[in-house]
There are 2 protein chains.
Amino acid sequence: MDKFDRQILNAIQHDTRLTSEKLSQLVGLSQDACRKRLLKLREEGVIEQEIAVLSPEKVGRDLLMIVGVTMAVETTHEVDVFKARMHDAPEVMQCYYVTGESDFIIVLSVPDMPNYESFVREHFLSGVGVASFRTNVVMDRVKVGFALPVLD
Amino acid sequence: MDKFDRQILNAIQHDTRLTSEKLSQLVGLSQDACRKRLLKLREEGVIEQEIAVLSPEKVGRDLLMIVGVTMAVETTHEVDVFKARMHDAPEVMQCYYVTGESDFIIVLSVPDMPNYESFVREHFLSGVGVASFRTNVVMDRVKVGFALPVLD
DNA sequence: ACTGAAAAAAACACGTA
DNA sequence: TACGTGTTTTTTTCAGT
């Protein structure tokens, strides 16, 4: 991974729709060289996904919540089951297993409060080993993305 | 926004590299119809970004943290300044302004602990109005993305 | 919204440093 | 092993219907 790879990565983190042409101009390499590097970065798993980010409001998901979940008993099994549940729940945009006060931190998106209540009832309050959870309602998405500047 | 739009959105949230051909097969519309809808969705801001998600580990950012920040005095000015700082900090992948125990929740990525310490010193401990903060170290990225299933 | 042509971009094979 | 050039193929774009 050299300077060129890093430049390519930094560019496509903000916009995957850049053409090979613009990308090549940006990094100072031929189009084909850029393309080959991109292929390799994808194969190696450096690039995990190429995705579209939607406006939650414009698709009727006005509520964005960030919830810290603490498990009652943190056995391997309990944790794995909970991970699987979060992975499969469509409301869950992101889920992290963490150290600290919470065991899980979850970013989730719902149309409204009743929907959030349903989610809570189904996933936190129905004997799945959740001891407690702290809810934060998002008022402003100050910064959204996974941009991860790869420094030289 | 109808069923077709929703199907298109659901598809490209997971993969922006789908060709018009595959997309059209998926939603059962002609290529051109899909394309026009995509254009419109972009124009309307329903699609905010099209981005690449990198593997933090593979670009030397082994530490992923989620930090809850509580401000000392929550005036408009203080909040705006802090928002701007977070927006500009390259370590910050995501930042949300929230209600609840914390005022801000920040997802940040650093190479190692010393770098995290530097970040904390610079952004939380140098008279910028931060009263306290709670750090969570991410052990597992259970689910990552912004996928937001648009239900029928 | 579909069809077919034109334009653009990406993919590929080859030659080269 | 990785870059670049020219060619082919695919994909996107844009008419007209």
Side-chain angles (χ1 to χ4, degrees), chain A residues 1-55 57-60 144-152, chain B residues 1-62 111 144-152:
Chain A
M1 165 117 43
D2 60 8
K3 178 187 154 198
F4 296 118
D5 284 322
R6 285 191 281 270
Q7 285 185 315
I8 291 171
L9 291 172
N10 286 334
I12 61 160
Q13 284 188 88
H14 299 285
D15 187 7
T16 49
R17 286 171 51 75
L18 272 100
T19 60
S20 293
E21 196 190 353
K22 282 175 198 158
L23 199 56
S24 69
Q25 291 168 356
L26 220 65
V27 308
L29 229 52
S30 77
Q31 294 186 23
D32 208 49
C34 283
R35 195 182 61 83
K36 282 172 187 161
R37 279 164 179 271
L38 258 178
L39 274 176
K40 205 166 154 196
L41 290 166
R42 279 197 265 260
E43 274 172 15
E44 289 169 346
V46 178
I47 298 169
E48 288 185 345
Q49 310 184 62
E50 283 159 85
I51 61 171
V53 178
L54 308 191
S55 160
E57 294 85 4
K58 298 210 171 156
V59 293
V144 174
F146 288 103
L148 197 64
V150 188
L151 308 169
D152 281 334
Chain B
M1 164 115 44
D2 60 8
K3 177 188 156 197
F4 295 118
D5 283 323
R6 285 192 280 271
Q7 287 186 314
I8 291 171
L9 291 173
N10 286 334
I12 61 159
Q13 284 188 90
H14 295 103
D15 188 7
T16 48
R17 288 173 51 75
L18 274 102
T19 60
S20 294
E21 196 189 353
K22 283 175 197 157
L23 198 58
S24 69
Q25 291 169 355
L26 220 65
V27 307
L29 228 55
S30 77
Q31 294 187 23
D32 210 48
C34 282
R35 195 181 62 84
K36 279 173 187 159
R37 280 164 181 270
L38 257 179
L39 274 175
K40 204 166 155 196
L41 290 166
R42 280 198 263 261
E43 272 171 17
E44 288 170 347
V46 178
I47 297 169
E48 289 185 346
Q49 311 185 61
E50 284 160 84
I51 61 171
V53 178
L54 307 191
S55 160
E57 295 84 3
K58 298 210 173 157
V59 294
R61 297 287 199 93
D62 288 281
V144 174
F146 289 103
L148 199 63
V150 187
L151 309 169
D152 279 333

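Below, chain A is the first sequence line, B the second, and so on; all start at residue 1. Every value quoted in this text rests on a predicted model; they were computed, and no experiment measured them.
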B:R35: salt bridge (charged side-chain N to carboxylate O under 4.0 Å, His left out) partners, not counting sequence neighbours: B:D32
Closest heavy-atom pair and its distance - B:V59, A:M1: CG1-CE, 4.5 Å
Phosphate OP1/OP2 of C:dA1: any B:R37 side-chain N/O under 4.0 Å: yes
Close side-chain approach of A:R37 and A:D2, heavy atoms under 4.5 Å: yes
Spacing of B:R35 atom CZ relative to C:dA7 atom C1', expressed in whole Å: 12 Å
Pairs where residues 9-29 of chain A contributes a residue and the test salt bridge (Lys or Arg N to Asp or Glu O under 4.0 Å) is met, not counting sequence neighbours: none
Terminal helix-axis angle for the helix from C:dA1-D:dT17 to C:dA17-D:dT1, with five pairs defining each axis and rounding to 10 degrees: 30°
Test item: B:K36 and B:L29 side chains (from C-beta on) under 4.5 Å apart, heavy atoms: no
Atom-to-atom span, CG of A:L39 to P of C:dA11 - whole angstrom: 7 Å
Sequence-distant partners of B:R61, side chain to side chain donor-acceptor pair (under 3.5 Å), two or more places apart: B:S109
Side-chain heavy-atom pair A:S20, A:C34 within 4.5 angstrom cut-off: no
For A:Q13, all residues meeting side chain to side chain contact (heavy atoms under 4.5 Å, CB included), sequence neighbours excluded: A:N10, A:A147, A:L148, A:V150, B:L54
Nearest-nucleotide 5' precedence on DNA chain D, A:G28 against B:Q31: A:G28
Rounded interatomic separation in angstrom, taking CG from A:L38 and P from C:dC12: 14 Å
I'd like a table of donor-acceptor pairs (distance under 3.5 Å, sequence neighbours excluded) in which one partner is a side-chain atom from residues 43-50 of chain A, with atom names and distances.
from, atom 1, to, atom 2, distance (Å)
A:E48, OE1, B:R141, NH1, 3.4
A:E48, OE1, B:R141, NH2, 3.1
A:E48, OE2, B:R141, NH2, 2.6
A:Q49, NE2, B:V144, O, 3.2
A:E50, OE1, A:R42, NH1, 2.8
A:E50, OE2, A:R42, NH1, 2.9

A:L41 vs A:I12 side-chain heavy atoms within contact, under 4.5 Å: no
Close approaches to DNA chain D from residues 12-25 of chain B, in residue order (heavy atom, under 4.0 Å): B:T19, B:S20, B:E21
Heavy-atom pair with the smallest gap, counting every atom of A:L18 and A:A11: CD1-O, 4.1 Å
Output a table of nitrogen or oxygen pairs between the protein and nucleotides 13-17 of chain C separated by less than 3.5 Å.
from, atom 1, to, atom 2, distance (Å)
C:dA13, N6, A:D32, OD2, 3.3

Minimum heavy-atom distance A:V53-B:F146, with the two atoms named: CG2-CD1, 3.7 Å
Span of DNA chain D in contact with chain A (heavy atoms, under 4.0 Å): D:dA2 to D:dT5
All side chain to side chain contact (heavy atoms under 4.5 Å, CB included) counterparts of B:D62, not counting sequence neighbours: B:E57
